Every structure is written in C-alpha cells, then in structure tokens.
Amino acid sequence: MITSQNNLTQHDDFLITSSNRYKGMGKLLHLLKEITEMQITFARHMNPLSNLPGNVPISQRINHSIETQQDIVICYFDLDNFKPYNDTYGFGEGDKVLRKTAKLLAESVDTRIDFVGHVGGDDFIIIFQSSDWQHRCNTTLNNFSALTSEFYSQEHLLNGGISALDRNSEPVFYPLLSISIGALRPHDFGFFRSENDLVSIASNAKSAAKKIPGNSLYQIKPSKQLSNMSA
C-alpha cells in the first residue's frame with residue numbers, strides 16, 4: 001500500500017498505534033529499509049527448488065511461537081516411497097514432484113496466519129494457526145492423490161507401484177507416492193522451553209503417520225513420557 005502511493009516521499013512520517021492507542025511516530029524511509037532487509041533475509045534462506053522458506057526461517061518461526069505461547073499446530077509432511085521413485089524416474093522428475101508438492105502445500109494455508117516451510121529433500125512443514133487445519137490437511141492429501149497419475153507411467157499406475165532395489169540390492173515393490181503428515185499441537189503438552197523438544201515430538205508424529213499405508217494424517221497425543229520431556 002505504501003509503495004503504491006506516488007505522492008509519498010521517503011521522508012514522510014506515519015503514526016504507530018496499538019489497539020487504537022497512539023504508540024509513536026515513524027519515518028517511511030526507515031520502514032522501507034526494514035522491509036528491504038526482511039526481503040533480503042527471506043530470499044537468502046529460501047529453498048531454491050520450492051521457493052519456500054528453509055530451515056533458518058522455520059526455526060525462527062517455531063521459536064517465536066514458543067516464546068509467545070501461540071496456539072498452533074505443527075504438521076510435518078513427508079513423501080512416502082520418494083527415494084525409489086527418484087531412483088527410477090531420475091532427479092528431474094523427482095524435482096517436479098517436490099515443486100508440485102510445495103505448490104499444493106502453499107495453496108492449502110491461510111497466508112495471513114499460517115507458515116509453510118521446506119525442511120529439505122521431501123520433508124516439508126506447516127505451522128498452522130487456522131482452526132480448520134485438519135480439513136486443510138485432508139484436502140491436501142486428496143489433492144495429492146489426484147496428482148499421482150501425473151507422476152507415473154501407465155504400467156506403474158496399473159501395477160500400483162514400482163519394483164526397485166533396496167539398500168541391500170534386493171528387489172522390493174514400492175507403492176505409489178503418498179504423503180504422511182505428523183501433527184502436534186504444543187498446547188496439548190504444556191509449555192515447551194526448547195525447539196528441539198518440540199521438533200523431536202513432531203518427528204515422532206511423522207514416524208507414526210508413515211506406518212499407516214497410503215496418504216495419512218496422525219496427530220500425536222500426550223503420554224506421561226512425552227509430557228515429562230516438555231516439563
């Protein structure tokens with residue numbers, strides 16, 4: 001809004017308010033410098049493949065949520081059977097899958113309050129403040145399932161997957177690509193002091209989701225052992 005106003009100059013002042021109460025004054029020049037610095041920092045830590053924020057912005061967002069005790073839901077997204085797909089179809093096709101997945105996740109959030117990040121490889125994260133996060137996740141799973149036919153040859157689609165060698169060079173049948181989502185609502189576990197504790201439990205949720213065949217969403221709930229980790 002500011003940059004679109006032709007009649008403004010860099011030396012113009014503006015009022016700063018909070019809850020409709022006067023808090024101070026600011027200069028447009030300083031605001032534009034701050035916006036530029038934020039954009040540079042954001043671009044520096046952007047994943048070049050997906051154009052989503054990488055690990056530094058993700059960590060900053062998680063720590064901010066911990067410090068302010070926001071009521072959020074952290075969802076880890078992981079592509080199932082991506083490595084054998086990559087080995088069979090090549091990195092070019094694998095990158096296409098990652099870009100389409102990133103686009104799907106970006107379209108599933110409310111950009112005003114939610115955050116989408118690319119941890120790396122086939123791992124993504126969404127920090128939801130949207131109350132309908134479960135519906136958004138299920139919609140994403142359905143939309144990804146509809147995309148699957150674009151990724152495979154007709155033969156592999158008819159077979160329901162591909163045969164490839166595992167790490168021990170043994171032939172293994174791998175089902176079609178799917179997404180596993182591990183969800184964690186930090187408020188269910190009390191106050192977190194450490195990002196590492198929070199991420200560790202969220203990773204446990206993702207591991208549980210990956211044990212469910214096909215597209216899946218698993219929300220981890222507190223247990224006595226997990227509760228002690230966050231105490």
Side-chain angles (χ1 to χ4, degrees), residues 19 42 45-47 50-80 82 98 101-147 177-231:
S19 301
F42 186 79
H45 299 292
M46 184 91 70
N47 185 289
S50 63
N51 288 328
L52 291 176
N55 287 313
V56 171
I58 292 172
S59 180
Q60 291 173 341
R61 184 61 178 260
I62 290 176
N63 280 312
H64 175 70
S65 299
I66 293 175
E67 292 168 3
T68 57
Q69 298 188 47
Q70 292 177 342
D71 188 5
I72 60 172
V73 175
I74 296 179
C75 291
Y76 266 82
F77 293 72
D78 184 80
L79 287 175
D80 305 314
F82 181 71
L98 295 178
T101 302
K103 184 174 183 292
L104 205 61
L105 298 184
E107 292 172 347
S108 70
V109 301
D110 183 339
T111 55
R112 297 170 300 175
I113 56 177
D114 301 328
F115 175 89
V116 188
H118 190 171
V119 179
D122 59 324
D123 290 322
F124 299 85
I125 188 172
I126 294 182
I127 302 174
F128 280 110
Q129 284 187 274
S130 296
S131 58
D132 61 343
W133 66 271
Q134 286 176 300
H135 172 73
R136 292 175 183 271
C137 284
N138 287 323
T139 299
T140 299
L141 294 180
N142 292 333
N143 290 340
F144 183 83
S145 181
L147 279 177
L177 288 167
S178 57
I179 296 182
S180 293
I181 308 174
L184 162 70
R185 181 175 179 265
H187 274 207
D188 291 341
F189 293 80
F191 176 66
F192 279 91
R193 291 180 303 204
S194 165
E195 176 192 357
N196 290 335
D197 280 352
L198 192 153
V199 170
S200 176
I201 298 177
S203 296
N204 290 339
K206 185 185 73 173
S207 297
K210 289 184 73 68
K211 294 178 181 178
I212 305 172
N215 292 300
S216 61
L217 168 61
Y218 179 88
Q219 182 181 2
I220 196 167
K221 295 293 186 179
S223 67
K224 184 175 181 180
Q225 180 181 6
L226 291 176
S227 296
N228 288 336
M229 290 178 61
S230 60

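Numbering of residues begins at 1 and proceeds along the displayed sequence. Treat the numbers as computed from the prediction; the structure is a model and nothing was measured.
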Taking the side chain as every heavy atom from C-beta outward, state whether Ile127 and Asp114 have any pair of such atoms under 4.5 Å apart. no
Let me confirm one number: the CG-OG distance from Asn138 to Ser108, rounded to the nearest 0.5 Å. 11.5 Å
Check whether any side-chain heavy atom of Ile113 sits under 4.5 Å from a side-chain heavy atom of Phe128, and report yes or no. no
Rounded to the nearest 0.5 Å, how far apart are CG of Leu105 and OG1 of Thr140? 6.0 Å
Specify whether His118 and Phe124 have parallel, tilted or perpendicular ring planes, treating 30° as the upper limit for parallel and 60° as the lower limit for perpendicular. parallel
Nearest 0.5 Å please: distance from the NZ atom of Lys210 over to the OH atom of Tyr218. 15.5 Å
Indicate whether the side chain of Asp110 and that of Ser130 have a donor and an acceptor atom separated by less than 3.5 Å. no
Tell me, do Ile74 and Ile72 make a side-chain contact under 4.5 Å, heavy atoms counted? yes
What I'd like to find out is whether the side chain of Tyr76 reaches to under 4.5 Å of the side chain of Leu184, using heavy atoms alone. no
Main-chain N/O of Val119 paired to Asn55 side chain as donor or acceptor, under 3.5 Å: yes
Measure the shortest side-chain to side-chain distance between Phe189 and Ile201 over non-hydrogen atoms and say whether it is less than 4.5 angstrom. yes
Would you give the length of the straight line joining atom CZ of Phe77 to atom SG of Cys75, rounded to the nearest 0.5 angstrom? 5.0 Å
Indicate the atoms forming the closest heavy-atom contact of Glu195 with Ser59, along with that distance. OE1-OG, 2.9 Å
Heavy-atom side-chain proximity of Leu177 to Phe144 below 4.5 angstrom: yes
His187 side chain to Gln69 backbone, donor-acceptor under 3.5 Å: yes
May I ask you to decide if Asn196's main-chain N or O and Ser200's side chain share a donor-acceptor pair within less than 3.5 Å? no
Is there a side-chain contact (heavy atoms from CB on, under 4.5 Å) between Ile181 and Ile126? Walk through the geometry before answering. CA-CA 10 Å; Ile181 308 174; Ile126 294 182; over 6 Å; no
Tell me yes or no: between the side chains of Asp78 and Ser180, is some donor less than 3.5 Å from an acceptor? no
Any side-chain heavy-atom pair from Gln129 and Arg112 closer than 4.5 angstrom? no
Is a side-chain N or O of Arg185 found less than 3.5 angstrom from the main chain of Val73, in a donor-acceptor match? no
Distance col, row Asn142:CG vs Leu147:CG, nearest 0.5 angstrom, shows 11.5 Å
What pair of heavy atoms forms the shortest contact from Asp188 to Lys221, and how long is it? OD2-NZ, 4.2 Å
Using modelled atom types only, decide if a donor and an acceptor are shared between the side chain of Asp132 and the backbone of His135 within a distance under 3.5 Å. no
Once you round to the nearest 0.5 Å, how far does CG of Leu98 lie from NZ of Lys103? 15.0 Å
Do Leu217 and Ile212 make a side-chain contact, defined as non-hydrogen atoms from C-beta onward lying under 4.5 Å apart? no
Applying side chain to side chain donor-acceptor pair (under 3.5 Å) to Ser178 and Asp80, what does each step give before you reach the verdict? CA-CA 5 Å; Ser178 57; Asp80 305 314; 2.8 Å; yes
When you measure from the side chain of Ser145 to the backbone of Leu141, do you find a donor-acceptor pair of N or O atoms at a distance under 3.5 Å? no
